[in-house]
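Remarks on the structure that follows.
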2 protein chains.
Amino acid sequence: MNKEFLSIKKLIETKGYKFTIQKRIILEELFSADIHLTAKEIYSKVKNKNIGLATIYRTMNLFTSIGIVKEIHADGMSYYELKMYSKKPLHIHFKCIKCNRIIDVDNTGVEIKYLKLNREIEESKKLQIHDANIMLIGLCDKCK
Amino acid sequence: MNKEFLSIKKLIETKGYKFTIQKRIILEELFSADIHLTAKEIYSKVKNKNIGLATIYRTMNLFTSIGIVKEIHADGMSYYELKMYSKKPLHIHFKCIKCNRIIDVDNTGVEIKYLKLNREIEESKKLQIHDANIMLIGLCDKCK
DNA sequence: TTTAATGCAAAGTGTTTGCACTATA
DNA sequence: TATAGTGCAAACACTTTGCATTAAA
């Protein structure tokens, strides 16, 4: 178990939850996936280990509530991705209206500018922004 | 019927759909609401006119597909709002994690900057961006 | 008069929950 | 050993669909 993994384990325990085998397996899946997954997709990866769909949902809700995971909504469905120790703390999603793929937009420069804009809004609107979900919609390189 | 209303009527007809009483009533509701509504909320406003929930969904899907309405997802639910002739073509939503309200962030300056960033991404990633869903998450003025 | 659209109820899909049982701290 | 967590199935909530009927062009 590496450092990051251990510190997430510790966070779970600090919050008063038990670090079960199921949580470990799901967490491993999230680490190796590095992309947003639906509950069903996670389920299909771990169901051979006798983990039920309900456990996936319960775990993702727990992980989301303590900040381990980020939940994004698209097409009336939830996608989950690792938020903690992510290489891309804020990232922008792009959804193609033709092929329906959801891809990550990696562009460090742009992300920093987005974060700056959030700070502008925070100040002018007296909000406290913890997170941002940005979903761009249009046609991808292949479909346009 | 004002100009904007008429041109939406025309758009619907041009696309080969019929401008029914139900579509007119729902459209009127969207115009007067000026904020995102769920299908149920629209339904509760028009059910006394003998319009079924299924019609709301079918109409919203149609309106979304031809660009009259914008659909935003939050908490696994769909909200709909007028996109055409909206005073705020791109706007940013903010969701408070405490009171669960979803509010609009109106700040013209910031919105223009967001649009510029989209253009940057379009060029560097070879995408064609039609729309952007931006949902900021945190604590609102009252809850923080 | 053709064809899209409607209301209703049934079906579908993603998610949550109740419960008896299990496993962690 | 106390309590959080689990798998399963049933329940839920939002959305879509099949069908006979209606109404718009």
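Just so it is clear, the model here is predicted, and its values are computed rather than measured. We name chains A, B, ... by the order of the sequence lines, and we start the count at 1 in each one.
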DNA chain C nearest-nucleotide lookup for A:Ala39 and B:Arg58: closer to the 5′ end is B:Arg58

What is the distance, rounded to the nearest whole Å, between atom CD of B:Gln22 and atom P of D:dT22? 13 Å

Are any of A:Tyr57's side-chain N or O atoms less than 4.0 Å away from OP1 or OP2 of C:dT16? no

First encountered from the 5' end of DNA chain D, between A:Lys23 and B:His73: A:Lys23

Which nucleotide in the set D:dT15, D:dC19, C:dA25 lies at the smallest distance from any side-chain heavy atom of B:Leu53? D:dT15

Under 3.5 Å, is there a donor on one side chain and an acceptor on the other for B:Lys95 and A:Asn133? no

Under 4.0 Å: is that the gap between some side-chain N or O of B:Ser78 and OP1 or OP2 of D:dT15? yes

Could you tell me the separation between the OH atom of A:Tyr43 and the P atom of C:dT15, rounded to a whole number of Å? 14 Å

Run the numbers on B:Lys126 and A:Lys144 for side chain to side chain contact (heavy atoms under 4.5 Å, CB included), then give the verdict. CA-CA 9 Å; B:Lys126 290 172 188 163; A:Lys144 76 179 177 194; 3.9 Å; yes

Kindly say if A:Asn61 contacts the phosphate of C:dT16, meaning a side-chain N or O under 4.0 Å from OP1 or OP2. yes

Between B:Leu30 and B:Met60, is a side chain to side chain contact (heavy atoms under 4.5 Å, CB included) present by the stated rule, with each step listed? CA-CA 10 Å; B:Leu30 292 171; B:Met60 298 325 285; 3.8 Å; yes

Residue-phosphate contact under 4.0 Å: A:Tyr17 side-chain N/O, D:dA4 OP1/OP2: no

Per A:Glu13 side chain, nearest of listed nucleotides D:dA24, D:dC8, C:dA25: C:dA25

Could you check whether B:Arg119 pairs with B:Glu123 (Lys NZ or Arg NE/NH1/NH2 to Asp/Glu carboxylate O, under 4.0 Å)? no

Is there a side-chain contact between B:Lys18 and the phosphate of C:dT3, meaning an N or O under 4.0 Å from OP1 or OP2? no

Ignoring backbone atoms, establish whether B:Thr20 has a side-chain N or O less than 4.0 Å from OP1 or OP2 of C:dT6. yes

Against the side chain of A:Thr59, the closest entry in D:dT15, C:dT24, D:dT6 is D:dT6

Answer yes or no: side-chain N or O of A:Arg24 and base N or O of D:dG5 forming a donor-acceptor pair under 3.5 Å. no

